[in-house]
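Just the heavy atoms: all of them, side chains too, but no hydrogens, waters or symmetry mates, feed the values below.
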There are 2 protein chains.
Amino acid sequence: MATGRVPVERRRRRPTKTGTVLTEELIVDCALRLAGEHGAEALSVRRLGAALGCDPSALYRYFHDTDDLLLAVADRIIGETMHDFAPEGDWLSGLREMAHRVYSGYSRHPRIAAMAAYRVTRRAHEFRAVEIGIGLMRRGGFGKEAAVRHYAAFIDTVLGHAALDAAHLALAPERRGGDTRAWTEAYQDLPDAAYPQLAEVRHELPLMAHSSFENALDLLLSALESQARAG
Amino acid sequence: MATGRVPVERRRRRPTKTGTVLTEELIVDCALRLAGEHGAEALSVRRLGAALGCDPSALYRYFHDTDDLLLAVADRIIGETMHDFAPEGDWLSGLREMAHRVYSGYSRHPRIAAMAAYRVTRRAHEFRAVEIGIGLMRRGGFGKEAAVRHYAAFIDTVLGHAALDAAHLALAPERRGGDTRAWTEAYQDLPDAAYPQLAEVRHELPLMAHSSFENALDLLLSALESQARAG
DNA sequence: AAGTTGCGTCAATGGTGTTGACATAAGGAC
DNA sequence: GTCCTTATGTCAACACCATTGACGCAACTT
């Protein structure tokens, strides 16, 4: 990791050769756009530099390394998804909406999500999200420890599904296609004798190609409801 | 993707310069070992070639590209984890053991798991695993469609958690440390007024640094049990 | 107007996957 | 046992990648 290249406060605003003035925010914006527009390979320091109209190495004046940049971009996504989220109704609906927001936010930026869903950004937007999530669990009547444990189980399940589906979406087209078609091709051709269970559900197997997020979320929330009633 | 470089049946067994005779199996073995022993950056075609004592490009005679190799390695891991698994007791215990097997198998190979948990290997070991998993759901009394849907929710939740935790484990040490310490450092220093919920559970927040897999699994299985009774 | 120094630029290092041409030895045919 | 074919290992090259240290300009401070 580079040391001392990233000042906290920036005083001199020197434009690049092409005239743009770099900003931490501008870079994050551009990275987000770039990762979205072009394919899975789009996000590299060199391309980012080209898109910003600056030398690639200029980015190291703003972020220690690509990991640092990634966390900043990830936090931006969290901010987007949680923007204006202030759950008012019952806690379960709040959790459901939070789950949907996180999931769809990550689905909108699959490439970043696949790389960052398991990270702790340690930044402002993530702080707010955890604050809200734990607040919802507390509203469900859970004690301090149970609230934290259940929030962890909840958010990790949501993030896990988001990461899985995002990684699938971020796959190069021919690979994504190959994985998806497995359920209508390879799995359909297995010998019945060796795979009796698969033979029986043959016509339902294509369901495996779709996201199971909604089903898993329903199961998880119903379990939390039971726990809340029992506790 | 290279075309026609990977014959199905191999007749001529020509040794490399260092004397070893390459095999699809040998390569997968070596990749698995390499990814485990050394750091997160260990698995590259060049290192693999060096470890096998052959030219890196020789691998392209056995696998179309690194993605093809990755899927082969992933399927090997599935095979390892499901080896000798033949659930006999009640379906819920069977699912629980399957979840533990998958999770710990992936935890043993975090680098590969992080890259492949969301893939469909379309290979023998995966076929068997799905066969067993859907069989367990059927044993729980679910109809064809419900069995497939619930199996998808189940396995994706398990894989999601496995992927999350594996990716965390596979992180470079200083990054993993940074993410982990967030809960005992950054999250402990937030101002109480702005984050009242976090302030209240301050002493329980370090729980967030641990895996939530067991808790999430308990919740999921209890929900499936309720569904089975209701349906 | 002069002096510091922040920050954009350049060039270089050592990594990556992948490919096409090449050479050689393995195995089949006789 | 010898010849032929060709599978397969090797080599060199291409086009990328992140990162760093030296350099020098220009934007602020004084």
Undergrad: Closest nucleotide of DNA chain C for B/P15 versus for B/P56: which of these residues is on the 5' side?
TA: B/P56

Undergrad: Should the side chain of B/S57 and the base of D/dC11 be counted as holding a donor-acceptor pair, with the cut-off at 3.5 Å?
TA: yes

Undergrad: Please report, rounded to the nearest Å, how far the C1' atom of D/dT8 is from the CG atom of B/L52.
TA: 15 Å

Undergrad: Could you please name the option among D/dT10, C/dT18, C/dT9 that lies closest to any side-chain atom of A/C54?
TA: C/dT9

Undergrad: When the distance from CD of B/E24 to C1' of D/dT8 is rounded to whole Å, what number comes out?
TA: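 Interatomic distance, CD of B/E24 to C1' of D/dT8: 15 Å.
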
Undergrad: Checking side-chain polar atoms at under 3.5 Å, does B/Y103 have a donor or acceptor matched by the opposite partner on B/E214?
TA: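 Result is no, nothing qualifies.
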
Undergrad: Between B/T66 and C/dT18, does any side-chain N or O lie under 4.0 Å from OP1 or OP2?
TA: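 Yes.
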
Undergrad: Between the base of D/dG9 and the side chain of B/R61, is one N or O donor paired with an acceptor at under 3.5 angstrom?
TA: yes

Undergrad: Per the side chain to side chain contact (heavy atoms under 4.5 Å, CB included) rule, which among B/V130, B/L136, B/D156 passes with B/Y151?
TA: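 Among B/V130, B/L136, B/D156, the one meeting side chain to side chain contact (heavy atoms under 4.5 Å, CB included) with B/Y151 is B/V130.
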
Undergrad: Could you tell me the separation between the CG atom of A/L70 and the C1' atom of D/dT19, rounded to a whole number of Å?
TA: 17 Å

Undergrad: Round to the nearest Å and state the distance from A/R47 atom CZ to D/dA15 atom C1'.
TA: 11 Å

Undergrad: Quick one: is B/T16 getting a side-chain N or O under 4.0 Å of the D/dG9 phosphate, OP1 or OP2?
TA: no

Undergrad: Counting only heavy atoms not in A/E25, do more than 12 sit closer than 6.0 Å to its CD atom?
TA: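 Check fails, neighbour count at 12 or below.
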
Undergrad: A/L48 CG to D/dT19 C1': how many Å, rounded?
TA: 15 Å

Undergrad: In whole angstrom, give the distance that lies between atom CG of B/L59 and atom P of D/dG9.
TA: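 Roughly 9 Å, once rounded to whole Å.
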
Undergrad: May I ask you to check whether B/Y106 and B/D165 show a side-chain donor-acceptor distance below 3.5 Å?
TA: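 Result is no, nothing qualifies.
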
Undergrad: CG of A/L22 versus C1' of C/dG6: gap in Å, rounded?
TA: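 Value for this atom pair: 13 Å.
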
Undergrad: Just N and O in the side chain of A/K17: are any of them under 4.0 Å from OP1 or OP2 of D/dC25?
TA: no

Undergrad: Hydrogens and angles aside, do A/Q188 and A/H203 bring a side-chain donor and acceptor to less than 3.5 Å of each other?
TA: no

Undergrad: What nucleotide, of C/dT9, C/dA23, D/dA18, holds the atom closest to the side chain of B/R14?
TA: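 When the side chain of B/R14 is considered, C/dA23 is the closest of C/dT9, C/dA23, D/dA18.
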
Undergrad: Counting side-chain heavy atoms from CB outward, which of C/dG17, D/dG9, D/dC17 is closest to A/R46?
TA: D/dC17

Undergrad: Can you tell me how far C1' of C/dT16 sits from OH of B/Y60, to the nearest Å?
TA: 9 Å

